Amino acid sequence: TLAYTDATALPGVLYTYEVRAVGAGGEGASSTGNTGWRGLTAPTGVTASDGTSASSVTISWTTSSAPSYTVFRGLSAASLAQIGTSTNNSYTDTTAVIGTLYTYAVKASGETGTGDSDLSATDTGWRTVAAPASMVATDGTSTDAVTLEWAQVQGANTYKVRRSSGGGAPSLIASPSTNRYVDGSA
């Protein structure tokens, strides 16, 4: 049996091959065509952001020369499910629930008819809570305290109130569970 190895084939691309015999009398008819593809390697260096954004988790990886990538997410490596695809080396998960730690993995995906790579190694990531908005403090309307109020933040269980004066560094003075605090020590 004669064989030929096509080392120029791109990973994940479906090719159709045929062979023609050539002799002293010229070139013969083509063989029956057959498809083949070069396998894909799993992406490496998968990282998921750890609370760096209130709007999403960013997953990135080292490319493996694939036409596209399939991204998986779960509460553990055993519960991974597909959440999206990308044609470059990153994916933004805007559906992650605030404060939930997720496990992410990626597969390199080829053209239709070719196989995917194995799953990459996993990494965990999460989406943080947003900064409180519309924070107001009373300005001398009381002689007993300063009252602080702010908009509730989705996913927040508590808030940390910090205070500073005279340009000093803020220090923690309270951790209320509501979006209102009365500072009687001011």
Side-chain angles (χ1 to χ4, degrees), residues 41-109 116-186:
T41 58
T44 59
V46 173
T47 59
S49 59
D50 294 328
T52 58
S53 171
S55 61
S56 62
V57 177
T58 300
I59 303 93
S60 60
W61 56 90
T62 303
T63 60
S64 62
S65 301
S68 66
Y69 300 90
T70 305
V71 181
F72 296 82
R73 178 185 77 193
L75 296 177
S76 69
S79 67
L80 293 173
Q82 180 180 337
I83 60 166
T85 61
S86 176
T87 56
N88 57 38
N89 64 336
S90 68
Y91 179 81
T92 303
D93 180 7
T94 58
T95 64
V97 175
I98 292 169
T100 301
L101 182 66
Y102 292 104
T103 299
Y104 292 92
V106 181
K107 277 186 178 183
S109 301
D116 291 344
S117 73
D118 291 334
L119 271 175
S120 67
T122 61
D123 191 43
T124 57
W126 51 279
R127 180 177 159 188
T128 193
V129 293
S134 306
M135 204 284 284
V136 294
T138 56
D139 291 328
T141 56
S142 170
T143 58
D144 297 335
V146 175
T147 301
L148 310 170
E149 292 181 337
W150 55 90
Q152 288 186 340
V153 175
Q154 178 187 1
N157 299 321
T158 61
Y159 301 90
K160 292 188 175 186
V161 178
R162 299 176 188 276
R163 180 179 69 195
S164 66
S165 65
S171 60
L172 180 66
I173 60 169
S175 296
S177 58
T178 65
N179 61 323
R180 185 174 194 271
Y181 176 70
V182 177
D183 182 4
S185 65

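Bear in mind that the values here come from a model prediction, so they are computed numbers and not experimental data.
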Report yes if some heavy atom in the side chain of Thr94 is under 4.5 Å from a heavy atom in the side chain of Ser56; otherwise report no.
->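 Side chain of Thr94 against side chain of Ser56, heavy atoms only: contact under 4.5 Å found.
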Sequence neighbours left out, cut at 3.5 Å: what donor-acceptor pairs do the side chains of residues 118-126 make with other protein atoms?
| residue | atom | partner | partner atom | Å |
| --- | --- | --- | --- | --- |
| Ser120 | OG | Val106 | N | 2.9 |
| Ser120 | OG | Val106 | O | 3.3 |
| Asp123 | OD2 | Ala48 | N | 2.7 |

Quick one: closest heavy-atom pair of Thr52 and Ser49, and the distance?
-> OG1-CB, 3.3 Å
Could you pull out the closest heavy-atom pair between Tyr159 and Val153, with the gap in Å?
-> OH-N, 3.1 Å
Kindly determine whether Thr85 and Ser68 satisfy side chain to side chain contact (heavy atoms under 4.5 Å, CB included), including the steps that lead there.
-> CA-CA 7 Å; Thr85 61; Ser68 66; 5.5 Å; no
Enumerate donor-acceptor pairs with a distance under 3.5 Å from any side-chain N or O in residues 128-140 to protein atoms, sequence neighbours excluded.
| residue | atom | partner | partner atom | Å |
| --- | --- | --- | --- | --- |
| Thr138 | OG1 | Thr147 | N | 3.0 |

Any residue meeting salt bridge (charged side-chain N to carboxylate O under 4.0 Å, His left out) with Arg127, in chain and number order, not counting sequence neighbours =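 Testing Arg127 for salt bridge (charged side-chain N to carboxylate O under 4.0 Å, His left out), a comparison that skips the adjacent residues, returns none.
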Under 3.5 Å, is there a donor-acceptor pair linking the side chains of Ser76 and Thr103?
->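 No donor-acceptor contact under 3.5 Å links the two side chains.
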Tell me, with the steps shown, if Thr41 and Ser117 meet side chain to side chain contact (heavy atoms under 4.5 Å, CB included).
-> CA-CA 5 Å; Thr41 58; Ser117 73; 5.8 Å; no
Donor-acceptor pairs under 3.5 Å, side chain of residues 167-184 to any protein atom, not counting sequence neighbours: which ones?
| residue | atom | partner | partner atom | Å |
| --- | --- | --- | --- | --- |
| Thr178 | OG1 | Arg180 | O | 3.3 |
| Asn179 | ND2 | Trp150 | O | 2.6 |
| Arg180 | NE | Glu149 | OE2 | 2.8 |
| Asp183 | OD1 | Arg163 | NH1 | 3.2 |
| Asp183 | OD1 | Ser185 | N | 3.1 |
| Asp183 | OD1 | Ser185 | OG | 2.8 |
| Asp183 | OD1 | Ala186 | N | 3.4 |
| Asp183 | OD2 | Arg163 | NH1 | 2.6 |

Partners of Asp93 by side-chain contact (heavy atoms from CB on, under 4.5 Å), sequence neighbours excluded?
-> Val57, Ile59, Arg73, Ile83, Tyr91, Thr95, Ala96, Tyr104
Using side-chain contact (heavy atoms from CB on, under 4.5 Å) as the criterion, list what pairs up with Asn88, not counting sequence neighbours.
->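 Counting only residues at least two positions away or on another chain, Asn88 forms a side-chain contact (heavy atoms from CB on, under 4.5 Å) with Ser86, Ser90.
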To the nearest 0.5 angstrom, please state how far the NZ atom of Lys107 sits from the OG atom of Ser109.
-> 7.5 Å
